[in-house]
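Here the structure comes first, spelled out in structure tokens, and everything after it is commentary.
Side-chain atoms are counted along with the backbone in the values below, which use heavy atoms only and exclude waters and symmetry mates. In the text below, chain A, chain B and the rest are named by the order of the sequence lines, each starting its count at 1.
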Protein chains: 2
Amino acid sequence: MADKDNSVNINSDGTKAAGAYHHGDLRAAVIAAGLKRIEEGEGGELGLRALARDVGVSATALYRHFPDKEALLDALADEGLRRLGALQAQAWLKAGGGSAGFKATGIAYVRFAHDEPALFRLSFTRQMSERKEGEDGGEVAYNLLRAGVGEALPGVKDPDVAALHAWALVHGLAMLVLDRRIAWDEAMVGKVVGLTFGGIA
Amino acid sequence: MADKDNSVNINSDGTKAAGAYHHGDLRAAVIAAGLKRIEEGEGGELGLRALARDVGVSATALYRHFPDKEALLDALADEGLRRLGALQAQAWLKAGGGSAGFKATGIAYVRFAHDEPALFRLSFTRQMSERKEGEDGGEVAYNLLRAGVGEALPGVKDPDVAALHAWALVHGLAMLVLDRRIAWDEAMVGKVVGLTFGGIA
DNA sequence: TCGGCATGTTTACAGTGGAAACATTATGGC
DNA sequence: GCCATAATGTTTCCACTGTAAACATGCCGA
């Protein structure tokens, strides 16, 4: 009973400590492993068993923390949205807000899709049909968008239309980049975004 | 030797005729069955075996016509792009070309995604990495886009940017609709597209 | 007529997601 | 401090998947 904290059985790499029956925080470890696997190696389906192996636990153990594979993927997707939101917020601040910030936010969106293709795809592909709609990790991102529209285009007549326009534009660019329909080219993205949202710095 | 045409063994529903060893045109039948399965019932992964069952043939028979499952999906995806192109061309003509036609083309794009979600997704998700790049079924659609930009916006300074902008915009709307991020609303789509491509009829 | 080639079938295998039953550990009420 | 009970992991099993290999069948040209 030396260390009594609640993560006794986790090794530094997230693997279960040898001989330990209980893991400590399997759920978190699984999510971490999933993200790692997603980050490196775009191809290759993310398998339940492979994930369990990474963490050093039996395959069915995961079912104590997720009702099924879908739920696990949902958790990963949510984390993806959270990261996207964070990156956008960061870009916004770094550019000092305003219309420049707005543009930076859009570019960050597309860059994220380019840098983390599998995660981006997963995050948006997940059908958010009958899940709890409120607590979605994408909230942050969307709120930032609305705020950005308001601040960057004060004179716009219909903010809803403008917001949707901006979102669709970057989302479309992101998907096209990600599906290799077009090449990733930050300058180009900047120009495209600038086309609608006028003479933005 | 009553009927000597090359589809002797196909029943009207695409199934193999009872007792016939050779199918007649399995490849086409499989693709048709795949499309049917894709059209009805968005959910549920499209399985090789299920498809073979539909056509009334053993699972491994498909390997005489497609190197692997991926290739089969590629064929379906290509058909999807072809249909999209056809619908856009039709919309363009119906609207009488020009800027009105351009807008109609964009709306048709999003509508297609809404009407055939699985097919649309499949069509664009397929990594066209090392496949034959030239003979893609999406050529039609893209050429139409470029032509449309030229005709609808004669005074535009950078046609490349404008074309990409238009494509990304509708593609983004399509993906957002398809992933249930936003609801399908033709009027809204019209407004959004109109925002950039000015006072279009 | 016959021989080869295209096309199907059967069988087999490794891998998958998931259900059940069982084992082990942590915890809260006495 | 003791112990029932809930939480968490493990084993075993099942149906299903994509695909390779070997075999069967039918068509078409020499």
Side-chain angles (χ1 to χ4, degrees), chain A residues 1-11 14-31 33-34 37 41 43-76 122 126-127, chain B residues 1-11 14-31 33-34 37-38 41 43-76 122 126:
Chain A
M1 290 173 184
D3 33 15
K4 196 61 182 159
D5 61 306
N6 58 358
S7 58
V8 196
N9 302 318
I10 315 176
N11 282 337
T15 310
K16 189 179 62 170
Y21 197 96
H22 278 35
H23 179 109
D25 193 353
L26 212 172
R27 183 183 165 102
V30 164
I31 290 185
R37 227 167 224 276
E45 271 308 293
L46 181 52
L48 203 74
R49 290 170 121 106
L51 221 42
R53 244 171 278 140
D54 285 357
V55 177
V57 101
S58 82
T60 51
L62 306 193
Y63 285 89
R64 298 295 163 184
H65 299 271
F66 306 93
D68 60 355
K69 193 190 178 188
E70 292 297 290
L72 205 177
L73 294 182
D74 281 345
L76 292 173
L122 180 67
R126 232 87 272 293
Q127 299 298 65
Chain B
M1 291 172 183
D3 34 14
K4 194 64 179 155
D5 60 306
N6 58 357
S7 60
V8 197
N9 301 320
I10 316 176
N11 283 337
T15 310
K16 190 180 62 170
Y21 197 97
H22 279 34
H23 180 109
D25 192 353
L26 211 172
R27 182 181 166 102
V30 165
I31 291 186
R37 228 168 224 275
I38 281 180
E45 271 308 293
L46 182 51
L48 202 76
R49 290 171 121 106
L51 221 41
R53 246 171 274 139
D54 283 358
V55 178
V57 102
S58 82
T60 51
L62 306 193
Y63 284 88
R64 299 294 163 185
H65 300 271
F66 305 93
D68 61 355
K69 193 191 178 186
E70 292 297 288
L72 206 177
L73 293 182
D74 281 344
L76 292 174
L122 180 68
R126 232 87 272 293

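- The two residues B:Ala33 and B:Val55 make their nearest non-hydrogen contact at CB-CG2, 3.9 Å.
- For A:Arg49, the side chain to side chain contact (heavy atoms under 4.5 Å, CB included) test picks out A:Arg53, A:Ala59, with sequence neighbours left out.
- To the nearest 0.5 Å, atom CG of residue B:Leu73 and atom CD1 of residue B:Ile38 are 7.5 Å apart.
- Regarding A:Asp25, its CG atom lies at a distance of 10 Å from the P atom of D:dT8, rounded to whole Å.
- Side-chain contact check for A:Leu62 versus A:Leu26: some heavy-atom pair is nearer than 4.5 Å.
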List, with names and distances, any nitrogen or oxygen atoms from the protein found under 3.5 Å away from nitrogen or oxygen atoms belonging to nucleotides 19-21 of chain D.
residue: D:dT19; atom: OP2; partner: B:Tyr63; partner atom: OH; Å: 2.6
residue: D:dT19; atom: OP2; partner: B:Lys69; partner atom: N; Å: 3.0
residue: D:dT19; atom: O5'; partner: B:Tyr63; partner atom: OH; Å: 2.8

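- The interatomic distance linking A:Arg53 (CZ) with C:dG17 (C1') rounds to 13 Å, in whole Å.
- Rounded to an integer number of Å, the gap from CG of B:Leu72 to P of D:dT17 is 15 Å.
- In this structure, B:Leu26 places its CG atom 12 Å from C1' of C:dT9, rounding to the nearest Å.
- Distance, B:Leu46 CG to D:dC16 C1': 15 Å, rounded to whole Å.
- Under 4.0 angstrom from either OP1 or OP2 of C:dA6 there lies no side-chain N or O belonging to B:His65.
- Closest non-hydrogen pair, A:Val30 versus A:Phe66, comes out as CG1-CE1, 4.1 Å.
- A heavy-atom distance below 4.5 Å is not found between the side chains of A:Leu122 and A:Leu46.
- Considering only residues two or more places apart in sequence or on other chains, B:Ala28 meets the side chain to side chain contact (heavy atoms under 4.5 Å, CB included) condition with B:Asp25.
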- Query: A:Asp54 and A:Arg37: side-chain contact (heavy atoms from CB on, under 4.5 Å), yes or no, with the steps?
  - Reply: CA-CA 9 Å; A:Asp54 285 357; A:Arg37 227 167 224 276; 2.6 Å; yes

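- Between its opening and closing five pairs, the helix from C:dT1-D:dA30 to C:dC30-D:dG1 changes axis direction by 0°, a value rounded to 10 degrees.
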